[in-house]
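Counting starts at 1 for both ligands and their atoms, following the listed order. From a predicted model like this one, the values you see are computed outputs, not experimental measurements.
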Amino acid sequence: MQSSTVTINNQKPILALIIPCYNEQEVLPETANRLLLKLQNLINDNIISPNSKIVFVDDGSGDNTWSIINDQFINNPQNFDGIKLSGNRGHQNALLCGLMSMIKFADVTISMDADLQDDINAIDQMMVKYNQGCEIVYAVRSSRKRDSFFKKTSAQMFYRFMHFLGVKIIYNHADFRLMGKNALLSLTQYGEVNLFLRGIVPQLGFKTDIVYYERKERFAGKSKYPLQKMLKFALEGITSFSISPIRLITLLGTVIFLISLIMIIYFITQHIRGDTAAGWASIICSIWGIGGLILLSLGVMGEYIGKIYLETKKRPRYIVEKILSEETLK
Ligand code: UDP
Ligand code: MG
């Protein structure tokens with residue numbers, strides 16, 4: 001009886017919602033309830049297969065996140081999966097792990113944050129676009145009214161700078177995104193350790209589209225992206241996708257060298273004219289100026305060399321400790 005229902009509904013795509021979670025005990029029970037309701041509505045409306053799932057990836061949380069995931073799975077193993085990483089690997093790696101774990105099972109995935117900032121009702125529109133043949137659908141914030149002034153301006157500066165450097169990223173899009181099986185399969189060909197999915201996904205190609213949503217405030221708990229992590233993430237994005245900073249240094253070096261040549265010519269003519277004013281200040285200024293630039297340039301070079309170093313090691317991007325899924329129950 002059950003198998004016949006499954007066969008009929010199997011024509012509908014299997015959707016997997018991928019939710020990376022890091023210390024999200026305050027919000028997770030509510031997130032699980034709301035997502036389950038959404039999933040059931042989509043199943044009842046015959047938009048997705050009843051085998052669709054919500055996949056929580058615990059990114060090495062230190063609180064009760066894993067036990068909450070465990071409870072959800074025990075109550076409803078058909079609709080929940082859990083993956084526990086062996087330690088905190090960061091949002092991007094946790095997300096990648098979730099996507100890769102579903103590559104065989106799901107026809108389409110939607111990734112979103114655990115804190116209910118992303119509007120789950122945008123999922124309906126995303127599925128409409130998917131059914132129209134889109135392989136990738138970006139959910140873009142229609143406004144950032146609820147973000148703090150600092151977060152808003154720093155984020156905007158980041159997008160502008162990335163654009164200036166020639167990196168193709170979608171303005172005001174975080175990682176709330178639909179990806180079909182083909183997009184996921186092509187993502188597997190990107191083996192980089194320094195992961196910045198917002199930069200990689202637009203490079204995949206395929207038919208893509210955008211849906212807009214209003215970004216809400218975090219439902220509960222605190223942001224897991226303090227300033228330090230945000231800066232690291234921005235730097236990752238810039239140096240993983242653009243070598244423009246290195247070129248800028250070369251340009252700067254050339255300009256400074258030309259200026260110093262002009263200065264030398266000027267001082268020699270002054271000397272011939274017998275006009276030798278004590279130039280202590282200018283010398284000190286040049287030494288500090290040039291010294292600073294050299295250090296800055298070394299820093300930028302170091303950043304890239306560090307990247308090469310990490311890439312050549314080919315270390316795993318995440319390590320899975322436990323998996324909760326119907327398969328593991330069998
Ligand atoms: N997250 C994660 N690993 C981390 C940091 C964050 O998996 O090391 C998850 C977090 O649980 C959330 C998502 O990434 O689901 C986005 O984090 P958050 O909402 O704290 O960032 P913000 O919205 O403040 O930028
Ligand atoms: Mg958030």
Would you mind checking if [Y] and [X] are paired as a salt bridge, meaning a charged N to carboxylate O distance below 4.0 Å?
| X | Y | answer |
| --- | --- | --- |
| R317 | E192 | no |
| R141 | D118 | no |
| D175 | R198 | yes |

Got a sec, which residues hit ring pair (Phe, Tyr, Trp, His ring centres under 6.0 Å) with Y304, two or more places apart in sequence or on another chain? none
Under the rule for ring pair (Phe, Tyr, Trp, His ring centres under 6.0 Å), what residues qualify as partners of F105, not counting sequence neighbours? none
So if I only count non-hydrogen atoms and take anything under 4.0 Å from ligand 1, which residues does that give, chain by chain? P20, C21, Y22, E24, D59, N88, G90, H91, D113, A114, D115, Q117, K151, R215, R218, S223, K224, Y225, K229
In sequence, state the C-alpha distance, the side-chain angles, and the governing distance for R34 and L116, and then conclude on side chain to side chain contact (heavy atoms under 4.5 Å, CB included). CA-CA 9 Å; R34 290 201 200 174; L116 296 172; 3.9 Å; yes
Could you walk me through whether I48 and V108 pass the side chain to side chain contact (heavy atoms under 4.5 Å, CB included) check? CA-CA 10 Å; I48 56 173; V108 53; 5.8 Å; no
Just say parallel, tilted or perpendicular for the rings of F176 and Y213, cut-offs at 30° and 60°. perpendicular
Atoms named by residue and atom, protein N, O or S, within reach of the Mg ion (ligand 2) (under 2.8 Å): D115 OD2, Q117 OE1
Taking the six-membered ring for Trp, are Y171 and Y159 closer than 6.0 Å centroid to centroid? yes
